[in-house]
Amino acid sequence: MAGRKFIPLLDRVLVERIQPQVQKTLSGIVLPESASGPKINEARVIAVGPGIRKGDGSFLPLTVKEGDTVCVGEDFRGTPIKLGDKDYTLYREDELLGIFPK
């Protein structure tokens with residue numbers, strides 16, 4: 001994250017979208033993502049918050065952790081954040097659809 005550390009609050013998760021591989025035809029024409037099939041809805045977890053605060057003030061930790069690959073909604077809703085020259089998206093953990101096992 002280019003020199004700046006970002007720590008999400010509570011149950012928020014900072015993710016970076018996994019970019020699809022560039023596809024080319026045999027003649028060298030680069031195909032846009034929209035022409036190469038369904039949109040990739042995978043993202044890599046970059047940072048996680050401490051969790052949900054319980055009634056006694058302690059935190060219930062999140063299920064996801066840094067480095068996990070998660071499934072996000074096809075429309076990539078969430079809060080877009082730009083840190084340095086990279087684009088990230090901030091989600092609440094309950095907005096994530098699942099975790100891809102390693």
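Residue indices begin at 1 and follow the sequence shown.
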*asked:* If you compare all heavy atoms of P8 against all heavy atoms of V13, which two are closest, and at what distance to 0.1 Å?
replied: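 Looking at all heavy atoms of both residues, the closest pair is CB-N, 4.5 Å.
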*Could you check if a side-chain atom of V48 sits within less than 4.5 angstrom of a side-chain atom of K65, using non-hydrogen atoms only?*
no
To the nearest 0.5 Å, what is the distance between [atom1] on [X] and [atom2] on [Y]?
X   : Y   : atom1 : atom2 : answer
F6  : L90 : CZ    : CG    : 5.0 Å
T69 : E42 : OG1   : CD    : 6.5 Å
I46 : T89 : CD1   : OG1   : 10.5 Å
L62 : I52 : CG    : CD1   : 7.0 Å
I18 : R44 : CD1   : CZ    : 4.5 Å

*Option passing side-chain contact (heavy atoms from CB on, under 4.5 Å) with D68 (candidates T63, V15, V45)*: V45
*State which residues pass side-chain hydrogen bond (donor to acceptor under 3.5 Å, both in side chains) with T79; sequence neighbours excluded, sorted by chain then number.*
none
*With sequence neighbours left out, what residues match K82 under side-chain contact (heavy atoms from CB on, under 4.5 Å)?*
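So K82 forms a side-chain contact (heavy atoms from CB on, under 4.5 Å) with D87.
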_Would the distance check show the side chain of N41 and the main-chain N or O of C71 forming a donor-acceptor pair, the cut-off being under 3.5 Å?_
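A pair under 3.5 Å: no.
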Please list, one pair per line, the donor and acceptor atoms closer than 3.5 Å that link side chains of residues 94-102 to other protein atoms, with sequence neighbours excluded.
unit_1: E95; atom_1: OE1; unit_2: R92; atom_2: N; d: 2.9

